[in-house]
S.K.: 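Mind looking over this structure? Questions follow.
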Amino acid sequence: MTLTDRPGLKNSRTLLRAFGGLNETYGCTEAEYSEGMNFSARDFPALSTRRPRRKLAEIEKVNGMYHLNGLLVVSGSSLRYTPDPEGGEPAETRVLENAVEDSRKTLVGIGTKILIFPDKLAFDTEENTVSALGAFWENGEGTVELTPCDAEGKTYKVKKFGREEPKSPEDGETFLKVASTDMPWTSDSVLEVYSAASGNWSAVELGYCRIDAAGIGARFRVWDTVTLSGTAAAQADQWEELDGDRIVYEVHEDWLRVKAVPAGQRFYGKLVHEGKTAHWVSLNGLISKLYPMPETVKLERKVPDMDYLTECDNRVWGCSSKENVIYGCKLGDPTNWFSYRGIAADSYAVTVGSDGPFTGAAACMGSALFFKENTLHKLYGSKPSDFQLSSLRCRGVAKNAAQSLCVLNETLYYLSPEGVMAWDGSIPTKVSSALDASGLANPQRAVGGALDGRYYLYIARGSRARLLVYDTERGLWQEEDGCSQEMASTGGQLYLWDGKALWAADPSREPDWSSTDGVEQEIKFSLTTGDIGLDGSEERYLSRLTIRLDAFCPSRVEVEASYDGGEWEKIGSLTAEQKRQNFDLPFVPRRCGTLRLRLTGRGQITLRSIAKTIAPARGGIIEQEG
């Protein structure tokens, strides 16, 4: 009998040199790891531990961090500002005590100012001062005078009125030309001034209201839009709706000028308020009337209550869930939110039709973006007359994840109810398919940051908190230790606060980069590979495994193996005493269907490669039922 010749199986060797990232799904391959801590793709295709961080300062409580020409840290009720270094030397930290309320803040920068909400304050990074965005003035028991005036703020008195001008007037003499002598003070009358040089009477237009009161101009500026209330103008029948929003055209310490349309039966007169009493006096001083008032005179520059803010094209944009409104401040002026003069620098406001509260705001690709959990509102344009709002039904920002919004390499990343999303101007796409979706759902808090093309995402859910890192260039996820409850990106550095101290993610980017003070000396790391051996045939088995490692500082590594999902068994350990050492750890695994490796230790290492030797098997590797 002649038997058919069968080709013999020979040993073969494969080298795994390109390592992936964290993959928490069932499809985790042998080149990825199912769980791990403090590894990074910075040396891709090798797998290295993350860079050591540097502790900069002990800070007990942080309510917010923001970088603008320096790092601002809101610590309790204090502000700590460290300007960017000049000439390579670290700058001194400036501290303002009791500057804000002790509560969590929303921060946004414009120009040299960092806006602080909900306090509605502005911190000036150059002058190191804090000022209020809004302004409020009330007369109390003081005296307030409201008088019609011309465009230069000048008020007038008259001694004569009638249908015809006097025959022999003096230079500069004033006269009120009336239509009816029974109602001389109505707005239909015309105030005239005589000029001896021309020999003519000239009409004077009183299109403004001058408000005189002690200290009234200290908190307001020219072109402010203010809300005036509590005047007796309506009762006195003077001006057309004086109470309301008014534009300030001139400001002095004790008086200011606002636009007011002439109207009423008693327009030509002075309205004097003292506490809650007002009396009107005609311009000739002979007629007066008294009016009781329920409230005092108030002047206010209002700032709306907003949940989330962002800056885009020299405007600060904000949204209010209570009103379902998106606001935009006056161009370059975050103190004015209701300035409507019909010019390109006007403020802007629009009501949105989507349901539910806002969950975040950001600026990307020249547009201001406002998110709800299932909606993206995109606002774009160059001036209020051509601003446009488009709405997209998509996976928006998750509740409590407003701080996860982060722009990195012209792409916006954020945490949605279904995972981490990336938006590049079209449709958001999911980038967290390799992560366990249940670990990203219903966050109590989420904070994002960026450094070197990596997106850092801190997620807190119940008692568990994680710091995930997404390498946007390679599409790989990692996990690092440290509960970074607050983050601030500068473009060249990432600052993290872990609940006790402020850290720099990359010490080599600090001004005093050569200093080792506060730098981590060793890093605790761990890694569990995916199943090895799933790509093998029945007639072959893993006969030898060699792990190649580099140690960059004194380090210790322990290697364990798990066969077919069983208990972990220690197979070896390595100790590096020098700053740079290379190691090969070979071992012979017992026959199994699948094998997992776990590396744990301290120090700084790089996993260079895993070499697998495959040998022919005599008999099945996995026991099968007969």
Side-chain angles (χ1 to χ4, degrees), residues 104-108 110 115 117-118 120 133-134 225 227 245 302-331 333-407 411-418 421-429 443 446 448:
R104 192 169 297 282
K105 307 302 180 190
T106 299
L107 307 175
V108 65
I110 179 172
L115 309 189
F117 276 71
K120 301 179 182 179
L133 295 176
T225 298
T227 301
D245 291 343
K302 294 182 178 180
V303 177
D305 296 325
M306 292 174 287
D307 303 313
Y308 307 105
L309 298 107
T310 187
E311 187 276 334
C312 183
D313 294 338
N314 202 24
R315 294 178 190 267
V316 176
W317 298 87
C319 55
S320 169
S321 297
K322 182 178 180 181
E323 300 173 336
N324 217 24
V325 171
I326 295 172
Y327 290 99
C329 76
K330 183 180 175 182
L331 185 67
D333 184 4
T335 63
N336 277 279
W337 294 81
F338 301 96
S339 179
Y340 305 113
R341 297 166 54 201
I343 61 176
D346 277 354
S347 307
Y348 185 78
V350 60
T351 301
V352 300
S354 59
D355 60 334
F358 288 101
T359 54
C364 184
M365 307 290 287
S367 301
L369 309 174
F370 298 91
F371 290 89
K372 297 185 177 183
E373 284 198 304
N374 56 4
T375 307
L376 165 60
H377 295 288
K378 178 181 176 182
L379 199 151
Y380 55 96
S382 59
K383 55 184 182 292
S385 60
D386 65 11
F387 282 149
Q388 296 186 52
L389 181 70
S390 63
S391 300
L392 176 66
R393 200 78 171 179
C394 63
R395 290 166 289 186
V397 175
K399 185 180 179 182
N400 303 323
Q403 286 184 274
S404 69
L405 287 155
C406 184
V407 177
T411 302
L412 178 66
Y413 295 89
Y414 61 90
L415 179 63
S416 77
E418 296 185 17
M421 311 300 293
W423 183 83
D424 61 1
S426 55
I427 302 295
T429 56

S.K.: Return the set of residues passing side chain to side chain donor-acceptor pair (under 3.5 Å) with Y348 (not counting sequence neighbours), or none when no residue passes.
M.R.: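 Not a single residue meets the side chain to side chain donor-acceptor pair (under 3.5 Å) criterion with Y348.
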S.K.: Check A398 against P417 and note the closest heavy-atom contact, atom names and distance.
M.R.: CB-N, 3.7 Å
S.K.: Could you go step by step and tell me if K120 and D305 meet the salt bridge (charged side-chain N to carboxylate O under 4.0 Å, His left out) rule?
M.R.: CA-CA 9 Å; K120 301 179 182 179; D305 296 325; 2.6 Å; yes
S.K.: Could you go step by step and tell me if F117 and V108 meet the side-chain contact (heavy atoms from CB on, under 4.5 Å) rule?
M.R.: CA-CA 9 Å; F117 276 71; V108 65; 5.7 Å; no
S.K.: List the atom of P118, the atom of K105, and the distance in Å for their closest heavy-atom pair.
M.R.: CD-CD, 4.4 Å
S.K.: Output all residues satisfying ring pair (Phe, Tyr, Trp, His ring centres under 6.0 Å) with W317, sequence neighbours left out; order by chain, then residue number.
M.R.: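 Partners of W317 under the ring pair (Phe, Tyr, Trp, His ring centres under 6.0 Å) test: F387.
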S.K.: Between D355 and K372, is the closest basic N to carboxylate O distance under 4.0 Å?
M.R.: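 No.
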S.K.: Roughly how far, to the nearest 0.5 Å, is CG of L115 from CD of E311?
M.R.: 9.5 Å
S.K.: Distance from L405 atom CG to Y413 atom OH, nearest 0.5 Å?
M.R.: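 Reported value, rounded in 0.5 Å steps: 13.0 Å.
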S.K.: Between T227 and F338, is there a side-chain heavy-atom distance shorter than 4.5 Å?
M.R.: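 They are not in side-chain contact.
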S.K.: Please enumerate all residues that pass ring pair (Phe, Tyr, Trp, His ring centres under 6.0 Å) together with Y340, with sequence neighbours excluded.
M.R.: none
S.K.: Distance-only check: which donor-acceptor pairs under 3.5 Å involve side-chain atoms of residues 357-371, not counting sequence neighbours?
M.R.:
{"residue": "T359", "atom": "OG1", "partner": "F371", "partner atom": "O", "Å": "3.2"}
{"residue": "T359", "atom": "OG1", "partner": "V397", "partner atom": "O", "Å": "2.9"}

S.K.: Which residues pass the side chain to side chain donor-acceptor pair (under 3.5 Å) test with E418, sequence neighbours left out?
M.R.: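 Applying side chain to side chain donor-acceptor pair (under 3.5 Å) to E418 gives none.
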S.K.: Do any N or O atoms from the side chain of S416 and from the backbone of R395 form a donor-acceptor pair under 3.5 angstrom?
M.R.: no
S.K.: Test C394 against every option in I427, N374, L376, T375 by the side-chain contact (heavy atoms from CB on, under 4.5 Å) rule and name the one that passes.
M.R.: L376
S.K.: Would you say that T106 contacts D307 through its side chain, given a criterion of any heavy-atom pair below 4.5 Å between the two side chains?
M.R.: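 A side-chain contact is absent here, since even the closest heavy-atom pair is not under 4.5 Å.
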S.K.: So, for T411 and A422, which heavy atoms are closest and what is the spacing to 0.1 Å?
M.R.: CG2-CB, 3.9 Å
S.K.: Which residues pass the salt bridge (Lys or Arg N to Asp or Glu O under 4.0 Å) test with R104, not counting sequence neighbours?
M.R.: E486
S.K.: With rounding to the nearest 0.5 angstrom, report the CE to OH distance, M306 to Y327.
M.R.: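 So the gap between those two atoms works out to 8.5 Å.
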S.K.: Output the distance between atom CE (M421) and atom CG (L415), rounded to the nearest 0.5 Å.
M.R.: 10.0 Å
S.K.: With sequence neighbours excluded, what pairs up with D346 under the salt bridge (Lys or Arg N to Asp or Glu O under 4.0 Å) test?
M.R.: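 Partners of D346 by the salt bridge (Lys or Arg N to Asp or Glu O under 4.0 Å) criterion come out as none, since no residue qualifies.
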S.K.: Sequence neighbours left out, what passes side chain to side chain contact (heavy atoms under 4.5 Å, CB included) with N314? Give chain and number order.
M.R.: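 Partners of N314 by the side chain to side chain contact (heavy atoms under 4.5 Å, CB included) criterion, ordered by chain and then number, come out as I110, L331.
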S.K.: Tell me every residue that passes salt bridge (Lys or Arg N to Asp or Glu O under 4.0 Å) with D424, counting only those two or more places apart in sequence or in another chain.
M.R.: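 Once residues adjacent in sequence are excluded, D424 has no partner under the salt bridge (Lys or Arg N to Asp or Glu O under 4.0 Å) criterion.
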S.K.: Could you list the residues that satisfy side chain to side chain contact (heavy atoms under 4.5 Å, CB included) with D313, not counting sequence neighbours?
M.R.: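 Side chain to side chain contact (heavy atoms under 4.5 Å, CB included) check on D313 returns nothing, list empty.
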S.K.: Do the side chains of Y308 and C319 get nearer than 4.5 Å, heavy atoms only?
M.R.: yes
S.K.: Can you name the residues that form a side chain to side chain contact (heavy atoms under 4.5 Å, CB included) with K399, not counting sequence neighbours?
M.R.: E373
S.K.: Please tabulate, one pair per line, all N/O donor-acceptor pairs under 3.5 Å involving side-chain atoms of residues 377-385, not counting sequence neighbours.
M.R.:
{"residue": "H377", "atom": "ND1", "partner": "S391", "partner atom": "OG", "Å": "2.7"}
{"residue": "H377", "atom": "NE2", "partner": "S354", "partner atom": "OG", "Å": "2.6"}
{"residue": "S382", "atom": "OG", "partner": "D386", "partner atom": "OD2", "Å": "3.1"}

